[in-house]
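All remarks here apply to the structure that follows.
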Amino acid sequence: MSISRYGGLLAPVLIFILAAASADESGSDVGDRARNRQLLEKWKADAEHYARLQRDLRDFWALPEAKRQHLRRLDKEVHDLDAKTRKQLWKVAERYTAWLERLPEDERRRIEATEDLGERLTLIKEIRERQWIERLPQKVREELNKLPAKERAARVAQLREEERRQRKLWQGSPRSKSPTRPVLPPLPPPGKPIIRFKDLPEKAKVEAGSKAVWEKRQEIWERLRKVEGKWPEWALLFHSLLSPRQQARMPPLGASRPSEFPREVADFLRDKLEPKLSPDEKQHLHAAEGKWPEYPKRLLQLAEKHKLEVPGMSLPPLVSGP
């Protein structure tokens, strides 16, 4: 990863740059340099991480002087922020960097080569929308491809609004809506719940990469550790951290077909929900079969839309991803 890319993301690697810079150029005081060097010694324990920092440092010194000064000012502005805001910026930077690294080389270079920030943001939005559309069911993608540009944009906006409603449902707590409403269990697993890395099916481990690879992503691994032992929180967070391609190839981590749900849910689906669904809604639900968490989310979304409640089933508050 080049420092030109990472520096534009407010990356903490700039601490390393300041630690390595000469005293007269960095302008940092003795206390700052001492703390930075302590951090540097800690990073040296991770050979791979330290090698990447050294590459970034070489890239930094290869930049024009004006660009180096700009990055230093940017680093100082970030470190002058309050701790909460700074932490949020680091998280955004990490998620964006992870997304950028997963892009095909040509698209990544297009983004990096776009100097105008407004144009870069437009390009990023276009790529993210395309990725979002690629995750839609095939029938919906085919429908979009047949529409004229204006109608297509309106339909995409409609689909996104449906997704926002679905997310709102996902985030909603059933306990808060009514003090007399029974507390429902979260969406069911197909068998033994997946609540830690070792519980993943072998195919999932192949697609996602080894546990050792995940452990090196320290902040992300810590987030997973915080929800270990919880269903479906661990599986939901893990799934959200995967790339779109990995998500598409991942085996279901929970119930994703009518036959995998308890008998009362299957009866509800057949006798109460399906008679109320339009042909498009039935197709939309059917297209999600075999996909998790898409199918249970869509099932609950449609039930809410038709003012029905799926027996013994609810969604937990959303565990946010990158």
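Once rounded to the nearest 0.5 Å, the distance linking CG of L285 with CG of D280 reads 12.5 Å. With values rounded to the nearest 0.5 angstrom, L299 atom CG is found 11.5 Å from S256 atom OG. S240 OG to Q247 CD: the interatomic distance, rounded to the nearest 0.5 Å, is 7.5 Å. Note: E129 CD to I127 CD1 = 12.0 Å, rounded to the nearest 0.5 Å. Here CZ of R120 is found 14.5 Å from NZ of K125. Values are rounded to the nearest 0.5 Å. Atom CD of E207 is separated from atom CG of L200 by 12.0 Å, given to the nearest 0.5 angstrom.
Shown here are the salt bridge (Lys or Arg N to Asp or Glu O under 4.0 Å) partners of E134, two or more places apart in sequence or in another chain: R130. Remark: R257 pairs with no residue by the side-chain hydrogen bond (donor to acceptor under 3.5 Å, both in side chains) rule, at least two apart or across chains. Residues meeting the ring-ring contact (aromatic ring centres under 6.0 Å, His included) test with W99, sequence neighbours left out: Y96.
Here the closest non-hydrogen pair linking E309 and F268 is O-CE1, 3.6 Å. In terms of heavy atoms, E289 sits closest to Y295 at CG-CE1, 3.5 Å. For the residue pair L81 and R86, the shortest heavy atom distance occurs at O-NH1, 2.7 Å. For G229 against R196, the heavy-atom pair with the smallest separation is CA-NH2, 3.9 Å. Of all heavy-atom pairs between L253 and A235, the closest is CD1-O, 4.1 Å.
The side-chain heavy atoms of L241 and R223, taken from C-beta on, include a pair separated by under 4.5 Å. Contact check for K203 versus P251: side-chain heavy atoms found under the 4.5 Å cut-off. Side-chain contact between N145 and R152 is present, with heavy atoms from C-beta onward closer than 4.5 Å. Proximity of W61 to R68: side-chain heavy atoms (C-beta onward) are separated by under 4.5 Å at one or more points. Looking at heavy atoms from C-beta onward, F261 lies out of side-chain contact with V310 at the 4.5 angstrom threshold. At a threshold of 4.5 Å between non-hydrogen side-chain atoms, the residues I194 and P201 count as touching. Considering only heavy atoms from C-beta on, K305 stays 4.5 Å or farther from Q301 through its side chain. Residues P252 and E260 are not in side-chain contact: their nearest non-hydrogen atoms beyond the backbone lie 4.5 Å or more apart.
The cluster map of Ile, Leu, Val, Met, Phe, Trp and Tyr, joined by side-chain heavy atoms under 4.5 Å apart, puts L308 and V265 in the same cluster. Following chains of ILVMFWY side-chain contacts shorter than 4.5 Å, one can reach L147 starting from I133, so the two form part of one hydrophobic cluster.
Of the possible donor and acceptor atoms, one in the side chain of R108 sits under 3.5 Å from a partner among the backbone N and O of L103. In this structure a side-chain-to-backbone donor-acceptor pair under 3.5 Å is present from Q246 to S243. Side chain of T114 to backbone of R110: a donor-acceptor contact under 3.5 angstrom is found. A donor-acceptor contact shorter than 3.5 Å links the side chain of H239 to the backbone of W292.
A salt bridge links D267 and R263; the closest N-O separation between the charged side-chain nitrogens and carboxylate oxygens is under 4.0 Å. Comment: R109 does not engage E112 in a salt bridge, judged by the lack of any side-chain N to carboxylate O separation of less than 4.0 angstrom.
A cation-pi arrangement is present between R160 and W132 under the rule of less than 6.0 angstrom and at most 45 degrees off the ring axis. A cation-pi arrangement is absent between R217 and W221, since the terminal nitrogen or guanidinium carbon is not both under 6.0 Å from the aromatic centre and inside a 45° cone about the axis.
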What do the steps show when you test K205 against E202 for salt bridge (charged side-chain N to carboxylate O under 4.0 Å, His left out), and what is the final call?
CA-CA 5 Å; K205 293 177 182 177; E202 287 306 313; 3.6 Å; yes
Taking it one step at a time, do I195 and V227 satisfy side chain to side chain contact (heavy atoms under 4.5 Å, CB included)?
CA-CA 8 Å; I195 55 177; V227 292; over 6 Å; no
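Residue K211 places its NZ atom among 12 or fewer non-hydrogen atoms of other residues, nucleotides or ligands, all under 6.0 Å distant. Enclosure of atom NZ in K282 by more than 12 non-hydrogen atoms of other residues, nucleotides or ligands within 6.0 angstrom is indicated. Crowding of Q88 atom CD: a count of heavy atoms from other residues, nucleotides or ligands under 6.0 Å exceeding 12. Under a cut-off of 6.0 angstrom, the local environment of CZ in R245 is sparse, with at most 12 non-hydrogen atoms contributed by other residues, nucleotides or ligands.
In this pair, F197 and W214 present their aromatic rings tilted. The plane angle is within the 30 to 60° band.
Side-chain atoms of R155 and Q158 form a donor-acceptor pair, as typed in the model, at a separation below 3.5 Å. Checking Q69 against E65 by side-chain atom types alone, a donor-acceptor pair falls below 3.5 Å.
Of the options K276, H306, H286, a side chain to side chain donor-acceptor pair (under 3.5 Å) to E281 is made by H306 and by none of the others.
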